[in-house]
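Just below is one structure, and these are the notes that go with it.
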Amino acid sequence: MNYLNINIPTFVAYLDTGFFYNQDPHPDNPVVVVEVFMFTSIPQRCALFSVMTEYGSQHARVPIHYLRGVEKASNFPLDWLQLWDSMSYYASAGIVDYLKNRGAHIMLKDRTVHKAKYLFTIDWCLGPQYHAGYGEMAAGHKCGHVFEGEGGQYFMQPNNRVMWMDGGAFISRELVKPDWQVFGKEFSCEHTGSRWVSESSEELYFYEFVEKTQ
């Protein structure tokens with residue numbers, strides 16, 4: 001896991017120039033072309049990106065709602081693009097091979113769906129300088145799948161707000177609203193098996209386990 005700044009798969013986007021003037025983003029603002037190349041993970045902050053402009057200026061910690069995939073994009077608010085802030089200073093980023101270029105439907109806050117294309121995934125853990133929060137909690141942890149929406153905005157969404165598509169190669173059944181619950185159990189094989197002890201000898205390759213009598 002990286003601390004604070006994480007290299008991501010580079011992609012080309014448009015940057016709302018409101019960022020240059022400490023102003024809110026707006027669909028009517030001019031844009032500049034940028035390459036997006038790094039993610040900054042700060043707890044209780046939205047997704048932040050580093051970009052390089054065509055002019056050679058580099059800008060850090062650009063919030064996700066200042067980036068667009070097209071010049072005239074949709075105008076969903078930040079809290080619709082991303083439900084949960086970053087969960088730790090420690091994160092990893094990468095393209096999941098199984099999901100590469102896959103389409104998906106994102107469920108928005110008003111329960112409508114928005115079609116999007118998968119880009120990469122951010123995932124978090126705890127670390128020596130940040131050892132609290134939801135980064136490793138079974139029921140509270142959320143990974144962040146980054147998408148480019150069909151309206152041109154970028155989304156970072158957890159598993160439970162996304163329905164994936166693959167043209168019927170495997171995903172071929174329609175899912176009605178399930179009554180599933182968030183999985184909140186945490187298991188440890190060593191804790192579960194603590195009534196067993198291994199042989200003390202380190203010379204044995206296939207060492208034996210003996211069950212405690214009390």
Side-chain angles (χ1 to χ4, degrees), residues 2 6-17 19 25-29 31-41 45-54 59 61-87 91-124 141-178:
N2 296 89
I6 303 101
N7 290 317
I8 60 174
T10 301
F11 62 97
V12 177
Y14 293 98
L15 173 63
D16 188 306
T17 54
F19 180 82
H26 192 278
D28 293 333
N29 285 346
V31 296
V32 297
V33 177
V34 297
E35 289 189 328
V36 188
F37 61 89
M38 192 162 67
F39 180 88
T40 298
S41 184
R45 295 277 297 277
C46 72
L48 303 169
F49 296 90
S50 291
V51 306
M52 179 72 74
T53 72
E54 292 182 300
H59 304 270
R61 302 189 183 183
V62 176
I64 188 172
H65 57 314
Y66 284 82
L67 296 174
R68 309 173 191 167
V70 296
E71 291 189 62
K72 294 294 182 181
S74 55
N75 192 30
F76 294 117
L78 172 61
D79 62 308
W80 287 39
L81 304 180
Q82 182 180 349
L83 296 178
W84 311 108
D85 290 328
S86 292
M87 295 193 167
S92 66
I95 299 172
V96 178
D97 289 344
Y98 183 76
L99 302 176
K100 184 178 180 180
N101 292 327
R102 195 180 292 266
H105 284 126
I106 298 168
M107 182 180 290
L108 303 179
K109 281 192 169 181
D110 63 356
R111 303 197 66 78
T112 60
V113 295
H114 189 79
K115 190 175 181 181
K117 177 184 176 181
Y118 172 78
L119 298 180
F120 58 91
T121 299
I122 302 288
D123 206 355
W124 291 272
H141 170 262
K142 308 285 184 184
C143 64
H145 299 300
V146 178
F147 297 91
E148 181 180 344
E150 63 181 345
Q153 288 182 285
Y154 293 95
F155 293 77
M156 190 163 80
Q157 296 287 319
N159 284 325
N160 63 335
R161 306 298 294 187
V162 179
M163 295 298 292
W164 299 89
M165 301 180 292
D166 72 353
F170 174 72
I171 303 169
S172 58
R173 299 181 62 183
E174 183 178 359
L175 179 68
V176 297
K177 183 181 178 182

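Residue numbers run from 1 in the order of the sequence given.
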Atom CG of residue position Asp97 - does it have more than 12 heavy atoms of other residues, nucleotides or ligands inside 6.0 Å? no
Could you check whether atom NZ of Lys72 has more than 12 heavy atoms from other residues, nucleotides or ligands sitting under 6.0 Å from it? yes
Could you grab the distance from atom OH of Tyr14 to atom CD of Glu71, nearest 0.5 Å is fine? 4.0 Å
For Arg102 and Met165, the nearest pair of non-hydrogen atoms, with its separation, is CG-O, 2.7 Å
Side-chain heavy-atom pair Trp84, Arg161 within 4.5 angstrom cut-off: no
Is the Phe11 ring parallel, tilted or perpendicular to the Phe49 ring (thresholds 30°, 60°)? perpendicular
Taking C-beta and beyond as the side chain, do Pro63 and Leu78 meet within less than 4.5 Å on heavy atoms? no
Here the gap from Phe39 atom CZ to Ile6 atom CD1, rounded to the nearest 0.5 Å, amounts to 6.0 Å
Using modelled atom types only, decide if a donor and an acceptor are shared between the side chain of Tyr118 and the backbone of Trp164 within a distance under 3.5 Å. no
Rounded to the nearest 0.5 Å, how far does CG of Leu99 lie from CZ of Phe120? 13.0 Å
For Gln82 and Ala47, which heavy atoms make the closest approach, and how far apart are they? OE1-N, 2.9 Å
State which residues pass salt bridge (Lys or Arg N to Asp or Glu O under 4.0 Å) with Asp79; sequence neighbours excluded, sorted by chain then number. Lys109
Just so I know, are the side chains of Tyr154 and Leu119 near enough to count as touching, which here means a heavy-atom distance under 4.5 Å? yes
Minimum side-chain heavy-atom gap Thr17-Val31 below 4.5 Å: no
Residue pair Met38 / Asn2, side-chain heavy-atom distance below 4.5 Å: no
His65 and Pro25: which non-hydrogen atoms are nearest, and at how many Å? CD2-CG, 3.5 Å
Hey, could you give me the CH2/CD1 distance between Trp80 and Ile106, rounded to the nearest 0.5 Å? 12.5 Å
Please walk me through it: do Val62 and Val34 pass side chain to side chain contact (heavy atoms under 4.5 Å, CB included)? CA-CA 11 Å; Val62 176; Val34 297; over 6 Å; no
Just distance, no hydrogens or angles: give the donor-acceptor pairs under 3.5 Å from side chains in residues 141-151, sequence neighbours left out.
from   : atom 1 : to     : atom 2 : distance (Å)
His141 : NE2    : Asp123 : OD1    : 2.6
His145 : ND1    : Thr121 : OG1    : 2.8
His145 : NE2    : Asn159 : OD1    : 2.7

Check whether any side-chain N or O of Gln153 sits under 3.5 Å from a backbone N or O of Phe76 as a donor-acceptor pair, and report yes or no. yes
Side chains of Leu81 and Met156 in contact at under 4.5 Å (non-hydrogen atoms): no
Interatomic distance, CG@Leu48 vs OH@Tyr66, rounded to 0.5 Å, equals 11.5 Å
If you measure from CG on Leu83 to SG on Cys46, what distance do you get to the nearest 0.5 Å? 12.5 Å
Answer yes or no: is there a donor N or O on one side and an acceptor on the other, between the side chain of Asp16 and the main chain of His26, under 3.5 Å? yes
